[in-house]
Peer 1: 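Take a look at this one; I'll ask things after.
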Amino acid sequence: MSREPLAKSYAPREFEQRWYSFWEERGFFKADNASPKPVFSIVIPPPNVTGSLHMGHALQHTLHDILVRWKRMKGCNTLWLPGTDHASIAVHYVLDKQFEAAGKDRFKMGRDEFMRTAWEWKKTSGGTILNQMRRMGVSCDWSRERFTMDEQLSRAVVEVFVRLYEQGLIYRGEYIVNWCPRCKTAISDLEVVYNPSRGHLWHIKYPIVGADGKASGRLTVATTRPETMLGDTAVAVHPDDERYAHLVGGKVLLPVANREIPIIADGFVDREFGTGVVKVTPAHDANDYEAGIRNGLDKITVIDDAGVMTEAAGEYKGLDRYECRRLLVERLEKEGFLEKVEEYDHNVGQCDRCSAVVEPKISIQWYLKVATLAKPAIEAVEDGRIRFVPDNFKKRYFEWMYNIHDWCISRQLWWGHRIPAWYCDVCGKIVVAREEPANCPTCGAGLRAEEDILDTWFSSALWPFSTLGWPEDTDDLATFYPTDTLITGPDIIFFWVARMIMMGLKFTGDIPFSQVHINGIVRDEHGHKMSKTKGNIIEPLQLIDEYGADAVRFTLSSMAVPGTDIPFSSKRMKGYSDFANKVWNAARFVLMNLREEDDAGGFAEAAAIDGLVAARRDAMPLEDLWILHRMNQTAAGVSEALDKFRFHEASALIYQFFWHELCDWYIELVKPVLTDPDAPEAERAPRIRVLLHVLDYALRMLHPFMPFITEEIWQKLPHQGESLMMAAFPEARAALDNPGAAQKMQDLMELIGDIRTLRAKMNINPKQPLKACLSAEAEGAQALVEQNLARLLALTRLEAVEFRDAVPDGWLRGVSRLGSFGLDVPVADVAAARKRFQDEIKKLKAEIEKVSRKLDSPDFVARAPKEIVDENRSRFEEMTEKCKKLENNLEQLPSA
RNA sequence: GGGCGGUUAGCUCAGCGGCAGAGCAUCGGUCUUACACACCGAGGGCCACAGGUUCGAACCCUGUACCGCCCACCA
């Protein structure tokens with residue numbers, strides 16, 4: 001095998017897409033519904049077809065892909081099912097804008113033409129986000145891509161609707177709903193977002209009609225929406241309010257409209273608010289609507305579907321609601337009905353999608369009774385069959401589920417699943433059926449199809465099983481349902497997660513997933529929400545262009561603490577991009593120094609290395625034993641962290657291991673062997689095996705996080721198998737555990753660190769070759785240093801180390817755990833040296849004082865766990881000893 | 001009005017009973033032939049405040065103060 005060296009600089013654009021195509025063409029992403037392997041399955045939270053990749057997607061796709069690649073490498077039959085959501089309102093919004101620009105109108109063009117246009121749009125633009133996802137490196141099974149309006153998924157929707165209707169859980173009725181006058185459809189409670197807004201509170205005087213039919217005094221009502229007074233059908237006071245008790249049963253004259261309306265008593269009135277009198281407009285306020293029903297009031301609709309005043313508004317007919325408000329207030333003031341106007345802060349409900357101010361409106365809609373579905377869904381979380389990560393999000397879930405209201409599921413839109421209902425205009429029969437009925441089953445007349453479609457979230461609620469073929473009894477469903485993990489944001493726990501749990505339990509009898517991982521929201525570097533108006537949006541695709549997908553993924557993963565928002569900054573981004581560069585260069589260095597002999601395929605495989613360690617354990621260099629031990633621990637730690645969705649922890653473990661252990665120490669230590677062209681093969685080969693094995697396994701650990709760079713490198717290394725993504729993820733191997741070697745290495749590294757610190761602190765030119773001495777006081781210290789002398793000299797740039805009982809006078813002195821050491825340099829600045837020792841002693845003494853106080857406390861010794869006490873004892877001894885040595889060194893300094 | 005979360009190094013955040021951590025920034029030194037996107041060092045903390053529990057608290061409990069988020073029909 002001939003090897004091409006890695007390119008001189010890390011240029012992710014050169015290879016990222018190449019490897020993606022490679023993986024996809026080889027079918028590595030595909031799940032197998034006949035495999036005997038353990039299953040791991042995830043369905044994607046389907047992005048809107050109108051969507052384009054934002055940081056939230058980038059985060060979720062990264063986390064999904066890390067889990068999926070990790071499980072795949074762990075030997076699972078892994079499915080990640082991709083797809084998109086038809087997003088009724090969003091599509092309408094996009095198309096409406098296009099129509100507007102072209103001077104068209106969907107109501108004029110008609111339903112059929114609109115739907116043709118919409119499908120056409122979906123065909124050309126609906127795949128944008130999926131292609132953007134590919135750039136992230138997602139390992140989705142594209143052969144199973146789904147769309148919520150696919151023929152099969154639509155069948156599932158109809159099936160669910162019909163069954164729910166047959167069981168009496170879906171009903172149709174007239175109620176007050178949230179109406180968006182821009183989208184011209186009803187929306188559910190969840191789709192209304194309340195934003196604080198500075199408004200006014202108008203105090204309007206309604207003349208009281210006396211017994212004689214003439215005005216006798218006035219009642220003042222306060223309202224934020226004066227235009228609705230045209231639809232008032234009563235004023236109300238609290239039943240126990242003594243101020244107004246005598247008026248109840250009487251009437252007031254509604255100004256402008258000049259209608260007499262009753263004064264009623266109803267408990268919903270708050271006596272403390274305003275004057276304690278409230279105008280009642282049943283057609284335009286949810287509370288008033290309820291009060292209207294309780295009191296048998298009329299409902300007068302004065303605002304229409306588009307937010308325009310109706311016939312019932314009299315002379316204001318045809319005006320926009322806000323224009324009407326302005327004119328009406330003007331007139332009330334002129335005619336003396338306006339008592340005062342106050343500034344008033346209150347919440348205004350706006351449409352989630354288009355931000356238009358929502359208008360409560362009476363209309364006939366379809367509803368789903370959720371209470372019976374909610375019960376088992378609550379139980380599934382209560383008994384732990386479904387777990388939230390972090391756990392406290394279940395509180396939010398419970399809070400909503402316990403107070404759940406019926407769900408308005410009909411929408412007056414066209415793009416979506418049409419409600420499978422037909423009306424007989426002759427006998428009034430409503431038919432709900434799977435197939436369109438020919439005519440009325442009761443009277444035989446022709447039928448009229450329902451115009452409304454379903455709320456988009458209705459089909460989303462079925463996603464985990466509809467995508468797998470339900471209601472058919474498919475192999476996919478049997479194999480991959482229930483899915484394992486759902487990763488999603490906190491914003492759609494109610495919209496989506498809760499409803500999936502309800503529908504999944506109802507129709508499959510099983511939970512849709514067992515874990516719900518709630519990720520945080522990606523914010524800007526100051527923790528502010530990203531928004532177009534703030535102009536602080538970061539585009540993931542731009543980041544990928546600049547830094548590569550691997551660096552973006554690793555950054556997001558490093559910051560992904562469950563349930564915690566992510567302040568994303570380009571500084572952090574750069575840090576992890578540097579990490580990718582580090583990985584690249586480490587690999588390049590190794591590759592540069594390989595020989596032809598190193599190409600033998602599997603020589604760095606796990607079994608071979610385990611065998612090597614077993615056979616040569618005592619003869620192996622310390623750093624080899626150490627790095628294998630650390631690799632082993634890191635692999636175990638990464639899997640443990642990923643098991644708990646602690647992506648930030650897993651990332652940190654690999655980062656630390658790869659950069660600060662593998663690169664900073666291990667590669668530096670093997671450098672002499674690696675780069676020496678004359679090194680005998682017998683000595684070199686076993687070292688290279690270990691190096692290549694550790695590098696290979698480090699790449700495996702890193703692969704779920706940084707799939708592209710690891711594949712690019714791995715393919716150039718001697719390896720077995722077609723692709724890194726199909727290689728085994730490192731498992732902890734008992735053969736590699738070696739805490740003894742790790743401790744020795746630790747001591748050695750500490751000695752090297754102490755020598756370096758001393759040089760740096762005393763400002764000695766790093767290039768200056770020095771002699772050193774060590775009084776090896778710790779047990780085994782001399783042997784350890786002797787055996788690793790070459791390494792020590794190389795890393796400290798010393799030329800020799802002698803073992804002496806005492807540091808000669810006049811040398812620079814230092815103290816390490818292994819013993820006191822000295823450097824053969826004249827102590828130029830005695831005062832500085834003295835101060836260094838004094839500072840160190842002072843610090844150490846404070847520490848000793850703390851520990852000894854602890855040890856002196858009888859309570860501590862008696863009640864703390866034994867290992868803690870022992871730990872403190874040995875720490876105390878160690879510190880005291882070191883302190884003695886430091887003091888000794890201080891004494892031996894020549895006096896200034 | 002209810003509920004949840006946050007307050008730790010200059011900045012952004014981990015840690016959540018037993019020696020206060022990371023990345024970036026700062027300071028000093030090195031072009032040591034993988035990487036200056038690097039290397040070697042250093043400095044920097046009453047863990048918001050006040051009580052309590054504990055042998056021991058950044059961590060558990062109670063309260064206070066700010067800051068976020070979620071839910072709720074007060075016109």
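Letters A, B, ... mirror the listed sequences (proteins, then strands); counts begin at 1.
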Peer 1: When we call it a touch if two heavy atoms are under 4.0 Å apart, what does A:A586 touch: a base, just sugar-phosphate, or nothing?
Peer 2: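 Base: the residue A:A586, judged by heavy atoms under 4.0 Å, touches a nucleobase.
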Peer 1: May I have the distance from A:L6 (atom CG) to B:rC35 (atom C1'), rounded to whole angstrom?
Peer 2: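 After rounding, the reported distance stands at 13 Å.
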Peer 1: Over how many whole Å does the gap from A:L674 atom CG to B:rA34 atom C1' extend?
Peer 2: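 A:L674 atom CG is separated from B:rA34 atom C1' by 10 Å.
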Peer 1: Just how far, in rounded Å, is C1' of B:rC55 from NZ of A:K850?
Peer 2: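 Going from A:K850 (NZ) to B:rC55 (C1'), I get 16 Å.
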Peer 1: Would you measure the distance from the C1' atom in B:rC61 across to the matching atom in B:rC16 and give it in whole Å?
Peer 2: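 14 Å, rounded to whole Å.
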Peer 1: Grab the stems for RNA chain B, please: at least three consecutive Watson-Crick or wobble pairs, both distances below 3.5 Å, written as range with range.
Peer 2: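 Stem list for RNA chain B: B:1-7 with B:65-71, B:10-13 with B:21-24, B:26-30 with B:38-42, B:48-52 with B:60-64.
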Peer 1: What's the gap between B:rA20 and B:rG44 when it is taken at their P atoms, as a whole Å value?
Peer 2: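 My reading of the P atoms in B:rA20 and B:rG44 gives 15 Å.
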Peer 1: Of the nucleotides B:rG23, B:rC55, B:rG15, which one has an atom closest to the side chain of A:Y655?
Peer 2: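 The answer is B:rG23, which lies nearest to the side chain.
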Peer 1: Between A:N536 (side chain only) and A:S531 (backbone N and O only), is there a donor and an acceptor less than 3.5 Å apart?
Peer 2: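 Yes, the answer is positive, given that a donor and an acceptor are paired below the 3.5 Å cut-off.
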Peer 1: Using whole Å, report how far CD1 of A:I566 lies from P of B:rG23.
Peer 2: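 It is 19 Å, rounded to the nearest whole Å.
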Peer 1: When syn is taken as a glycosidic angle within 90 degrees of 0, is B:rC66 syn or anti?
Peer 2: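 B:rC66: anti glycosidic orientation.
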Peer 1: What integer number of Å spans the P atoms of B:rG3 and B:rA42?
Peer 2: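 About 50 Å, rounded to a whole number of Å.
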Peer 1: CG of A:D391 versus C1' of B:rC16: gap in Å, rounded?
Peer 2: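 In whole Å, B:rC16 C1' lies 15 Å from A:D391 CG.
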Peer 1: Please say which of A:I627, A:L748, A:I752 ends up in a side-chain contact (heavy atoms from CB on, under 4.5 Å) with A:W665.
Peer 2: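 Considering A:I627, A:L748, A:I752, a side-chain contact (heavy atoms from CB on, under 4.5 Å) with A:W665 is found only for A:I752.
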Peer 1: How many whole angstroms separate atom CE of A:M879 from atom C1' of B:rC19?
Peer 2: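 Rounded to whole Å, this separation is 8 Å.
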Peer 1: Using the 3.5 Å cut-off, write out each protein N or O paired with an N or O of nucleotides 40-43 of chain B and the distance between them.
Peer 2:
unit_1	atom_1	unit_2	atom_2	d
B:rC40	O3'	A:R756	NH1	3.2
B:rG41	OP1	A:R756	NH1	3.2
B:rG41	O3'	A:T757	OG1	3.4

Peer 1: Do you know the tightest heavy-atom contact between A:A222 and A:L201?
Peer 2: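 Here A:A222 and A:L201 meet closest at CB-CG, 4.0 Å.
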Peer 1: Determine: side-chain N/O of A:K671 to OP1/OP2 of B:rA34, distance under 4.0 Å, yes or no.
Peer 2: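 Checking B:rA34 against A:K671, a side-chain N or O does come within under 4.0 Å of OP1 or OP2.
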Peer 1: Which whole-number value in Å describes the distance from A:R572 CZ to B:rA25 P?
Peer 2: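 Those two atoms, CZ and P, are 12 Å apart.
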Peer 1: Using 30° and 60° as the class boundaries, would you call the ring planes of A:W659 and A:F579 parallel, tilted or perpendicular?
Peer 2: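 A:W659 and A:F579: parallel rings.
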Peer 1: Would you call A:E399 and A:K395 a salt bridge, taking side-chain N to carboxylate O under 4.0 Å as the test?
Peer 2: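 No, this pair does not count.
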Peer 1: Can you tell me how far C1' in B:rA34 sits from the matching atom in B:rG21, rounded to whole Å?
Peer 2: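 My reading of the C1' atoms in B:rA34 and B:rG21 gives 29 Å.
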Peer 1: Work out which heavy atom in A:R759 is nearest to a heavy atom in A:L823; give both atom names and the distance.
Peer 2: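 That would be CG-CD1, 3.9 Å.
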Peer 1: Taking atom C1' in both B:rU7 and B:rA58, what distance in whole Å separates the two?
Peer 2: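 Taking atom C1' in both B:rU7 and B:rA58, they lie 11 Å apart.
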Peer 1: When the C1' atoms of B:rA9 and B:rG5 are considered, how many whole Å apart are they?
Peer 2: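 Roughly 23 Å separates the two C1' atoms.
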Peer 1: When A:T220 is tested against each of A:H203, A:K340, A:K205, A:E339 for side chain to side chain donor-acceptor pair (under 3.5 Å), which residue passes?
Peer 2: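 Output: one option passes, namely A:E339.
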Peer 1: Taking side chain to side chain donor-acceptor pair (under 3.5 Å) as the criterion, tell me which of A:T223, A:N287, A:D232 meets it with A:T281.
Peer 2: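 In the set A:T223, A:N287, A:D232, the residue that makes a side chain to side chain donor-acceptor pair (under 3.5 Å) with A:T281 is A:D232.
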Peer 1: Reckon A:R588 has a side-chain N or O less than 4.0 Å from the OP1 or OP2 of B:rA34?
Peer 2: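 No, outside the criterion.
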Peer 1: What about A:K395: does its side chain form a donor-acceptor pair under 3.5 Å with the base of B:rC4?
Peer 2: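 No such pair is found, so the answer is no.
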Peer 1: Of A:N519, A:L543, A:L59, which meets side-chain contact (heavy atoms from CB on, under 4.5 Å) against A:L556?
Peer 2: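 By the side-chain contact (heavy atoms from CB on, under 4.5 Å) criterion, A:L556 pairs with just one of A:N519, A:L543, A:L59: A:L59.
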Peer 1: To check you understand the geometry: which heavy-atom pair defines the closest contact between A:I544 and A:A549, and what is its length?
Peer 2: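 Residues A:I544 and A:A549, closest heavy atoms: CG2-N, 3.8 Å.
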Peer 1: I want to check something: taking the side chain as every heavy atom from C-beta on, are A:F860 and A:N872 in contact at a cut-off of under 4.5 Å?
Peer 2: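 Of all side-chain heavy-atom pairs linking A:N872 with A:F860, at least one is under 4.5 Å.
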Peer 1: Using a 4.0 Å cut-off on heavy atoms, which residues in residues 573-580 of chain A reach RNA chain B? List them by number, or say none.
Peer 2: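 Result for residues 573-580 of chain A: A:K574, A:D578, sorted by number.
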Peer 1: Taking 4.0 angstrom as the limit, do A:D578 and A:K582 come out as a salt bridge?
Peer 2: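 No.
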Peer 1: Which part of the nucleic acid, if any, lies within contact of A:P865, taking any heavy atom under 4.0 Å across all strands shown: a base, the sugar-phosphate backbone alone, or nothing?
Peer 2: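 Here A:P865 touches the bases of the nucleic acid.
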Peer 1: Could you please spell out the steps behind the side-chain hydrogen bond (donor to acceptor under 3.5 Å, both in side chains) verdict for A:E877 and A:S874?
Peer 2: CA-CA 5 Å; A:E877 279 161 27; A:S874 60; over 6 Å; no
Peer 1: Quick one: does A:R756's side chain get under 4.5 Å of A:L795's, heavy atoms only?
Peer 2: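 Yes, close enough: below the 4.5 Å cut-off.
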Peer 1: Would you call A:R875-A:E871 a salt bridge at under 4.0 Å N-O?
Peer 2: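 Not counted as a salt bridge, because no side-chain N and carboxylate O are separated by less than 4.0 Å.
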Peer 1: With a 4.0 Å cut-off on heavy atoms, is A:E847 in touch with a base, just the backbone sugar-phosphate, or nothing at all?
Peer 2: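 Nothing: the residue A:E847, judged by heavy atoms under 4.0 Å, touches no strand.
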Peer 1: Please work out whether the ring planes of A:F494 and A:W400 are parallel, tilted or perpendicular, with thresholds of 30° and 60°.
Peer 2: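 Parallel: the ring planes of A:F494 and A:W400 meet at under 30°.
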Peer 1: Between B:rG6 and B:rC74, how many Å separate the two C1' atoms, rounded to a whole number?
Peer 2: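 Comparing C1' positions in B:rG6 and B:rC74 gives a spacing of 30 Å.
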Peer 1: Can you list everything that forms a side-chain contact (heavy atoms from CB on, under 4.5 Å) with A:R523? Sequence neighbours excluded, please.
Peer 2: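 Expected list: A:I521, A:K529, A:D565.
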Peer 1: Output yes when at least one side-chain N/O atom of A:K571 is less than 4.0 Å from OP1 or OP2 of B:rC37, else no.
Peer 2: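 No, no such contact exists.
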Peer 1: Polar pairs (N or O, both sides) under 3.5 Å between protein and nucleotides 29-32 of chain B?
Peer 2:
unit_1	atom_1	unit_2	atom_2	d
B:rC31	OP1	A:K767	NZ	2.8
B:rU32	O4'	A:R797	NH2	2.8

Peer 1: Tell me, for nucleotides 69-75 of chain B in 5' to 3' order, what letter each nucleotide earns: B for a base near a protein heavy atom under 4.0 Å, S for only sugar-phosphate near one, - for neither?
Peer 2: SSSBBBB
Peer 1: Below the 4.0 Å mark, does B:rA14 have OP1 or OP2 next to a side-chain nitrogen or oxygen of A:T564?
Peer 2: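 Answer is yes, contact under 4.0 Å.
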Peer 1: Got a salt bridge between A:K671 and A:E668, using NZ or NE/NH1/NH2 to carboxylate O under 4.0 Å?
Peer 2: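 Yes, this pair counts.
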Peer 1: 5'-most contact on RNA chain B: A:E871 or A:E649, nearest heavy atom basis?
Peer 2: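 Mapping each residue to its closest nucleotide by heavy atoms, the 5'-most match is A:E649.
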Peer 1: Given atom CE of A:M401 and atom P of B:rC4, what is their separation to the nearest angstrom?
Peer 2: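 A:M401 atom CE is separated from B:rC4 atom P by 19 Å.
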Peer 1: May I ask you to evaluate whether A:R646 reaches the phosphate of B:rG15, defined as a side-chain N or O under 4.0 Å from OP1 or OP2?
Peer 2: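 Answer yes for this pair, as a side-chain N or O of A:R646 is under 4.0 Å from OP1 or OP2.
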Peer 1: Determine the Euclidean distance between corresponding P atoms of B:rA57 and B:rA48; express it in Å to zero decimal places.
Peer 2: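 The answer is 15 Å between these two P atoms.
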Peer 1: Between A:R836 and A:D839, is there a side-chain N and carboxylate O pair less than 4.0 Å apart?
Peer 2: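 So A:R836 does not pair with A:D839 through a salt bridge.
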